[in-house]
Amino acid sequence: MKKLLIIGAMLLAPVFAVAAGGSNVHLDHIKVDATNQESLQRGMQLYVNYCLGCHSAQYQRYERAATDLQIPADLMMEHLVHSSQKIGEQMTNAMDAKQAQAWFGAPPPDLTNAVNLRGADWVYTYLRSFYVDNDRPYGVNNVVFPSVGMPNVLAEIQGIQRQTCGQVPMMDNGKPVFDTLTGKPMTTQKCDILVVDEGTGSMTPAEFDQAAYDLTNFLAYTSKPYLQESKSLGIKVIIFLLFMTLVFYFLYKEYWRDIH
Ligand code: HEC
């Protein structure tokens, strides 16, 4: 019994270790949608333009993406395959890992599985959480990934984001706190509120959130390219099983008819 308990504790240990990692940072929640072709197409375009130069997505082939996201092959070649690559090839780049290590302090990881590894909420929040920090080599830091090596490559569309101080509603376990005397909501001083300098980005905050969503949605697709297929297959299998249940029910009736 004791042995079993020890084994059980050992099996559970990694679960707690994962749960402990960075759990104090608030992540904005999104629902990825593998059926939203337009979002996925926009996400792929953003990925090719802003990310692929540093991050390969080497388990994703252009051709498969063209089929799944319903992008005609000629448009894919014209707008989304920038290098001398062919449509049947994987989404790789010419980034040299050693040089990247020297430039950024860490090589940019392949992102095909980023959403499986980090979660969609994390990637979405990360892309929107860069802020000016002049102590960092590229002048930016990130709320969900402190001391990150990546520059804010989306700054031209997002604008320059800074941390400022201000009064925010006081929260207790996700609920607003009210003053017991006046009944008014209480506020508290915070110095990590993110604000974008007006007019510094080409997109409005809402448009930028949409762009970050589309990018994350695309990376969720590359993490599980078979998701849509398995969902529709799942429905077919259930219909088949229901049909067979009916067949076997009548067969059962038939077998027992003369005995009863
Ligand atoms: C100039 C090169 C460069 C570009 C362009 C770039 N990144 Fe990065 N990115 C990096 C580096 C370097 C790291 C590793 C940072 C570290 O470990 O400190 C990184 C890390 C990341 C991570 C965290 C990976 C992990 O799990 O540790 C994600 C997610 C990410 N980038 C997404 C993107 C997306 C999406 C884009 C396009 C909008 C993009 N990056 C564009 C250099 C780049």
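Both ligands and their constituent atoms are indexed starting at 1 by order of listing. One-based numbering along the sequence shown.
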Inset, instruction - Would you check whether L117 reaches within less than 4.0 Å of ligand 1, judged by its heavy atoms? - result: no

Inset, instruction - May I ask you to say whether E229 pairs ionically with R64, meaning some side-chain N is under 4.0 Å from a carboxylate O? - result: yes

Legend entry - Protein residue, atom and distance nearest to atom 28 (C) of ligand 1, heavy-atom basis: Y126 CE2, 3.4 Å

Inset, instruction - Write out the residue and atom name of the closest protein heavy atom to atom 27 (O) of ligand 1, then the distance separating them to 0.1 Å. - result: R118 NH2, 2.9 Å

Legend entry - L127, any N or O under 3.5 Å of ligand 1 N or O: no

Inset, instruction - Decide whether S56 and D110 meet the rule of one side-chain donor and one side-chain acceptor closer than 3.5 Å. - result: yes

Inset, instruction - For D28 and T125, test the side chains for any donor-to-acceptor distance below 3.5 angstrom and give the result as yes or no. - result: no

Legend entry - 4.0 Å heavy-atom contact, F145 with ligand 1: yes

Legend entry - Pair Y138, N152: side-chain N/O donor-acceptor within cut-off below 3.5 Å: no

Legend entry - Protein residue, atom and distance nearest to atom 15 (C) of ligand 1, heavy-atom basis: G149 N, 3.6 Å

Legend entry - Check: H55 N/O within less than 3.5 Å of ligand 1 N/O: yes

Inset, instruction - Check each atom of ligand 1 against the heavy atoms of Y50 and keep those under 4.0 Å away; list them by number with element. - result: 5 (C), 37 (C), 38 (C), 41 (C)

Inset, instruction - For V148, take its heavy atoms, then give the atoms of ligand 1 lying under 4.0 Å from any of them. - result: 15 (C), 18 (O)

Inset, instruction - Assign the ring pair Y252 / W256 to parallel, tilted or perpendicular, where the plane angle (0 to 90°) is split at 30° and 60°. - result: tilted

Legend entry - atom 14 (C) of ligand 1 - nearest protein heavy atom and its distance: P109 CD, 4.0 Å

Inset, instruction - Would you mind checking which non-hydrogen protein atom is closest to atom 32 (C) of ligand 1, with the distance to 0.1 Å? - result: L111 CD1, 3.4 Å

Inset, instruction - May I ask whether A114 places a heavy atom under 4.0 Å from ligand 1? - result: no

Inset, instruction - Report yes or no: is the cationic atom of R118 (NZ for Lys, CZ for Arg) closer than 6.0 Å to the six-membered ring centre of F145, at no more than 45° off its axis? - result: yes

Inset, instruction - Consider only side-chain N and O atoms of Y47 and Q60, and report whether a donor and an acceptor are under 3.5 Å apart. - result: no

Inset, instruction - From atom 34 (C) of ligand 1, work out which of G53, C51, C54 has a heavy atom at the shortest distance. - result: C51

Inset, instruction - First locate atom OH of Y62, then atom CD of Q85, and finally report the distance between them rounded to the nearest 0.5 Å. - result: 4.0 Å

